[in-house]
Structures are given as C-alpha cells and as structure tokens.
Amino acid sequence: MKLLEERILADGNVLSPAILKVDSFINHQVDPSFMHQLGADIANHFRGRGITKVMTIESSGIAPAVFVAMELGVPLVILKKQSSAVLKTDVIQTEVVSFTKEIHYQLTLARKYLSEDDHVLLIDDFLANGEAATGAIRLIRKANATIAGLGILIEKSFQPGRAKLNEQGIHVYSLARIADMDTDHITFIPEEA
Ligand code: G4P
C-alpha cells in the first residue's frame, strides 16, 4: 500500500537493521484517520470470506484491529498478555516467546469469546518472527474455531514470520513489506499487481 510506504519513509526511523520506529503514527501516538484507511484496506481484502470475529494481541494491534472490525461489522477480541485476577477461570492459554523483546508471556483468552462457529481474522501491527501470530493461531485452534488469515500493517520480510505462517497454511496480507532496511534506507517489496 503506497500510502503506508510513503508514511514510513516520511515519519519512520530505522533504529538498527532490525528495528523500525513508527511511534509517531502507529503504536505510541496514533493518527486515527490514517489508521482508519489502513484498517479499511485490510477489511476490503478479507471482505466476503465469512469472518465472524477480528482478533488481535494487546497492545499495538488494537488500533488497526478496531478499524478492521468496524469496517467488517463484527466484534473485536483482544488476546491478553498480562495476567489478571478476573481472567483466571475458563480460559484458553498458550505460551509465547518474543525474540525482539526477549520475554515470555501467557497469551490468554476467555473461552466464551470464541467458539467452533467462529471464523477469525487476526490483525497485528508488525510481523517479525511470527511467534505472536503463531501463539494466537494455537489459541484459535484450541477453541476449534477457524482462521481466515492474518492482516498486518508492517511486515519485515527479511525475518521469518511470513514463511512460518505460510507453512501452517495461513494466508498473510501485509500493507507494507520491508525487504531490507538500515539507518540510511528502507526498501519495500513491490505490491503484487
Ligand atoms: P512477532 O511479533 O512476529 O512474533 O515477533 P517478535 O516476537 O520478535 O516481536 C514481538 C514484539 O516486538 C511485538 O510487539 C512487535 O510489534 C514488536 N516489534 C517487532 N519488530 C518491531 C519493529 O521493527 N519495530 C517496532 N516498533 N516493534 C517491533 P508486542 O510484544 O506484541 O508488544 P506491543 O507493542 O504490541 O504491546
């Protein structure tokens, strides 16, 4: 999506060859009308595929996921990473390891928000190693629900996330795909015609 690529070039900062900072418009301060356009593009890509729920992982996936869910007219379910006293019973959990942040966490979902009748579209801001998305997919499968695909704002295509998900039969749609980056350049994979 040209619009997102241009905004990344204008306002993104490459901190190291692996980390892109986009906190002025994506994941710290959010530009809501811009985020709405991104969410609408993902919703249009997946429209008509029988999606009953949009799902994301707290916290940075929430902003785009709200707009995708609003456009598709379905509920948004937010997977929790923080433990909570009110979310202890009748939950589905799986452990996720974040290589970027070097932490482990229990991804948690109240069982009542997902059933075998659900067809889920998963949304996140970044796709890097694919561990967060793989954990979310494990949870969806534990609930016997099905997966329509994964919608991503920024994919770092030089990391293994997309390949890992494709191996599991998951369709990945990313608005911007970074082939390569460093402090002086960002190169995108051209959009498919
Ligand atoms: P994965 O998400 O593909 O599994 O990869 P990994 O475990 O390595 O990364 C996990 C976290 O790091 C995610 O945030 C993801 O958004 C963030 N991240 C990965 N690459 C980048 C990057 O280049 N720039 C920025 N700004 N963030 C990156 P999270 O743990 O889910 O936390 P949250 O920010 O959503 O709360």
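Counting starts at 1 for both ligands and their atoms, in listed order. Computed over heavy atoms, backbone and side chain alike; hydrogens, waters and symmetry mates excluded. Start at 1 with the first residue, then count along the sequence. All values derive from a computational prediction rather than experimental measurement.
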Could you state the interatomic distance from CG (Leu20) to CE (Met181), rounded to the nearest 0.5 Å? 5.0 Å

Which part of Ile154 is near ligand 1, with near meaning a heavy atom under 4.0 Å away: side chain, backbone, both or neither? neither

Could you check Glu5 against Lys2 for salt bridge (charged side-chain N to carboxylate O under 4.0 Å, His left out), going step by step and ending with a plain yes or no? CA-CA 5 Å; Glu5 292 179 0; Lys2 274 274 160 280; 3.1 Å; yes

Taking the basic N atoms (NZ, or NE/NH1/NH2) and the acidic carboxylate oxygens, is any pair closer than 4.0 Å for Lys81 and Glu58? no

Nearest protein heavy-atom contact for atom 10 (C) of ligand 1: which residue, which atom, what distance? Ser98 OG, 3.3 Å

Test log, rule side-chain hydrogen bond (donor to acceptor under 3.5 Å, both in side chains), inputs Ser24 and Asp11: CA-CA 7 Å; Ser24 65; Asp11 293 336; 4.7 Å; no

Using the ring of each side chain (for Trp, its six-membered ring), is His171 parallel, tilted or perpendicular to His45, with breaks at 30° and 60°? parallel

Quick one: do Arg177 and Glu191 make a salt bridge, cutoff under 4.0 Å? no

What protein heavy atom is closest to atom 34 (O) of ligand 1, reported as residue, atom name and distance in Å? Ser60 OG, 2.8 Å

Looking only at distance, does Lys21 have an N or O less than 3.5 Å from an N or O of ligand 1? no

Residue from Thr56, Leu109, Ile57 passing side-chain contact (heavy atoms from CB on, under 4.5 Å) with Ile78: Thr56

Could you go through the side-chain hydrogen bond (donor to acceptor under 3.5 Å, both in side chains) check for Thr146 and His119 one step at a time? CA-CA 5 Å; Thr146 51; His119 194 48; 2.7 Å; yes

Considering only the protein, which heavy-atom contact is closest to atom 16 (O) of ligand 1, and what is its distance? Asp125 OD1, 3.4 Å

Can you confirm, on distance only, whether ligand 1 has an N/O atom lying under 3.5 Å from any N/O atom belonging to Ser59? yes

Nitrogen or oxygen atoms of Ala128 and ligand 1 under 3.5 Å apart: yes

Below 30° counts as parallel, above 60° as perpendicular, anything between as tilted: where do the rings of Tyr173 and Phe46 land? perpendicular

If you count the non-hydrogen atoms of other residues, nucleotides and ligands that lie under 6.0 Å from NE2 in His185, is the total more than 12? yes

Does some non-hydrogen atom of Ile19 fall short of 4.0 Å from ligand 1? yes

Specify the protein heavy atom at minimum distance from atom 15 (C) of ligand 1: its residue, its atom name, and the distance to 0.1 Å. Phe126 CB, 4.1 Å

Students should be able to answer this: which protein heavy-atom is nearest to atom 5 (O) of ligand 1, and at what distance? Asn129 N, 3.3 Å

Just jot down the ligand 1 atoms closer than 4.0 angstrom to any heavy atom of Ala18, in number order. 23 (O)

I'd like to know if atom 13 (C) of ligand 1 has any protein heavy atom within a distance of less than 4.0 Å. no

Step-by-step side-chain hydrogen bond (donor to acceptor under 3.5 Å, both in side chains) determination, Thr108 to Gln93: CA-CA 5 Å; Thr108 303; Gln93 289 188 304; 2.8 Å; yes

Examine Ala132 against ligand 1 and note whether any of their N/O atoms are separated by less than 3.5 Å. yes

Any link between Leu9 and Phe158 through a network of hydrophobic side chains (Ile, Leu, Val, Met, Phe, Trp, Tyr) touching at under 4.5 Å? yes

Ignoring angles and geometry beyond distance, decide whether Tyr105 reaches within less than 3.5 Å of ligand 1 through its nitrogen or oxygen atoms. no

Atom 21 (C) of ligand 1: closest protein heavy atom, distance to 0.1 Å, is Lys156 NZ, 3.3 Å

Considering only non-hydrogen protein atoms, determine which one is nearest to atom 8 (O) of ligand 1 and report residue, atom name and distance to 0.1 Å. Thr100 OG1, 2.3 Å

Enumerate the atoms of ligand 1 whose separation from the nearest heavy atom of Asn27 is less than 4.0 angstrom. 26 (N)

What protein heavy atom sits nearest atom 24 (N) of ligand 1, and how far off is it? Leu20 O, 2.7 Å

Need the ligand 1 atom indices (1-based, order shown) with element for anything under 4.0 Å from a heavy-atom of Gly130. 1 (P), 3 (O), 4 (O)

If you measure every N or O of Lys81 against every N or O of ligand 1, does any of those distances drop under 3.5 Å? yes

